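First the structure, in the form of structure tokens, and then the observations on it.
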Amino acid sequence: MTTKVVPGMLVATPDAETFAVEAASRIGKALRDGIAKRGSATLALSGGNTPLPAYAILAKDDRIDWTKVEVWWVDERAVPPESPRSNYGGAKGPLLEAAKIAPASIHRMRGEDDPTSAANEYEALLRSKVKPAYGDAPSLDVMVMGIGDDGHTASLFPDEPEVQERTRLVVAVPASPSKGREARISLTAPVIESARAIFVLARGKEKVTALENVWSVEGSPSEVPARLIRNARGTICWIIDRAAGGLGPVP
Ligand code: 6PG
């Protein structure tokens, strides 16, 4: 058993419902703090299934002035926005439409385009609209991250070169037919590390090993890309349910 250190705050909730409520509450508070301090806030969304119920609750938080929130993405699949695989598409109903966010405040990665040109375009947009808070990379105020069962985060996958990228802010990630994975577009480590507040959402027993590998004092981001989050310059809040914490249901 290796020593585990959770960098930042760990919030463990008893079940999926409280998980979504807690995640929405903390993400919403971070957005409100950003608006109070700087007049506006940037929110970067990950895809996958875990955050969707939290997005739906977040959209209904009428304490948030959504006219002052700009929405970005952590990653996207190389698919059109109407595809069921689209991360933008996943957030469209529960969050973007529900919170009535103006199209001009929605900066999606163009999954329908060639991934390299889409990545270049997104990087240019990010550099032009989001200022750094700690160093050279743009600092998104609130970043919602997930973690794959294999320890990936964003679209940075184990033993792939994109995990080591330190110059580009947004990269195209080639498809992996053997792993049934389409090409992706992803933020890179410098942007992830520069976020002001990262919320990592992990729910279900499938996440136990990945979380243990992230929290282990030993290990490398190449093997477990979600370990990149440990280098965050801002705050980190890990939100899990009992199952992801390796515990059974509430007795
Ligand atoms: C993606 C996500 C990815 C996701 C994890 C967890 O595009 O797939 O951005 O990083 O957060 O794969 O996905 P689940 O929440 O579905 O387990």
Side-chain angles (χ1 to χ4, degrees), residues 13 16-17 19-20 22-24 27 43-58 71-81 83-92 94-96 107-112 115 118-119 122 140 142-160 162-163 165 170-176 179-189 191-193 195 198-214 221 223-230 232 236-241 243-245:
T13 62
E17 188 186 343
F19 173 90
E22 190 68 35
I27 292 164
L43 170 64
L45 304 176
S46 282
N49 300 313
T50 302
L52 297 179
Y55 291 165
I57 296 168
L58 184 66
V71 183
W72 298 79
W73 269 262
V74 171
D75 65 339
E76 185 54 278
R77 288 87 181 272
V79 296
S83 163
R85 295 278 299 158
S86 167
N87 288 345
Y88 159 81
K92 185 177 177 191
L95 180 57
L96 307 179
H107 309 294
R108 67 178 185 88
M109 295 172 168
R110 292 180 57 84
E112 67 272 33
Y122 208 72
L140 291 154
V142 181
M143 187 175 284
V144 181
M145 306 288 294
I147 182 168
D149 303 358
D150 61 356
H152 82 260
T153 195
S155 284
L156 303 174
F157 295 95
D159 307 316
E160 299 288 355
E162 296 80 21
V163 183
E165 177 61 49
V170 188
V171 289
V173 180
S176 172
K179 291 181 180 149
R181 189 173 72 218
E182 69 276 279
R184 305 284 190 97
I185 303 153
S186 181
L187 297 184
T188 58
V191 188
I192 294 169
E193 292 167 3
I198 295 177
F199 295 89
V200 186
L201 276 53
R203 189 188 68 221
K205 64 183 185 313
E206 305 77 18
K207 307 296 184 186
V208 170
T209 302
L211 287 170
E212 286 197 339
N213 292 336
V214 172
E223 293 159 19
V224 185
R227 290 181 68 88
L228 290 172
I229 296 166
R230 300 173 65 95
I236 311 170
C237 181
W238 307 80
I239 304 175
I240 68 172
D241 68 349

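Numbering of residues begins at 1 and proceeds along the displayed sequence. Because the structure is predicted, anything quoted here is derived from the model rather than measured. Indexing begins at 1, ligand by ligand and atom by atom, following the structure's order.
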Protein residue, atom and distance nearest to atom 8 (O) of ligand 1, heavy-atom basis: R77 NH2, 2.8 Å

Would you mind telling me if ligand 1 is within reach of the side chain of E206, the backbone, both or neither, using heavy atoms under 4.0 Å? neither

Please report which non-hydrogen protein atom sits nearest to atom 6 (C) of ligand 1, along with the residue it belongs to and the distance in Å to one decimal place. I147 O, 3.6 Å

the protein heavy atom lying closest to atom 4 (C) of ligand 1 turns out to be G47 O, 4.0 Å

Of all protein heavy atoms, the one nearest atom 12 (O) of ligand 1 is H152 NE2, 2.8 Å

Are R184 and ligand 1 in contact, using a heavy-atom cut-off of under 4.0 Å? yes

Give, for atom NZ of K205 and atom CG of D149, the distance between the pair rounded to the nearest 0.5 Å. 10.0 Å

A student checking ligand 1 against S46 at a 4.0 Å heavy-atom cut-off should list atoms 9 (O)

Quick one: look up the protein heavy atom nearest atom 15 (O) of ligand 1 and list residue, atom name and how far away it is. T50 OG1, 2.6 Å

May I ask you to list the atoms of ligand 1 that are less than 4.0 angstrom from any heavy atom of G146? 11 (O)

Is A154 close to ligand 1, meaning an N/O of one under 3.5 Å from an N/O of the other? yes

Is there side-chain contact between E162 and P174, with at least one heavy-atom pair below 4.5 Å? yes

Among non-hydrogen protein atoms, atom 13 (O) of ligand 1 lies closest to G48 CA, 3.8 Å

Ignoring hydrogens and angles, tell me if any N or O in the side chain of N213 forms a donor-acceptor pair with the backbone of V224 under 3.5 Å. no

Would you mind checking which non-hydrogen protein atom is closest to atom 16 (O) of ligand 1, with the distance to 0.1 Å? N49 N, 2.8 Å

Which value, rounded to the nearest 0.5 Å, describes the distance between T50 atom OG1 and R203 atom CZ? 5.0 Å

Inter-residue atom distance I27.CD1 - I239.CD1, 0.5 Å rounding: 5.5 Å

Compute whether any side-chain donor of one residue and acceptor of the other, for D75 and S155, lie under 3.5 angstrom apart. yes

Is it true that a side-chain atom of E76 and a backbone atom of Y88 form a donor plus acceptor pair closer than 3.5 Å? yes

So W72 and Y122, would you call those rings parallel, tilted or perpendicular, with 30° and 60° as cut-offs? perpendicular

Any sub-3.5 Å donor-acceptor pair from R227's side-chain atoms to V214's backbone N or O? yes

Non-hydrogen atom of V74 closer than 4.0 Å to ligand 1: no

Identity and distance of the protein heavy atom lying nearest atom 17 (O) of ligand 1: K207 NZ, 2.6 Å

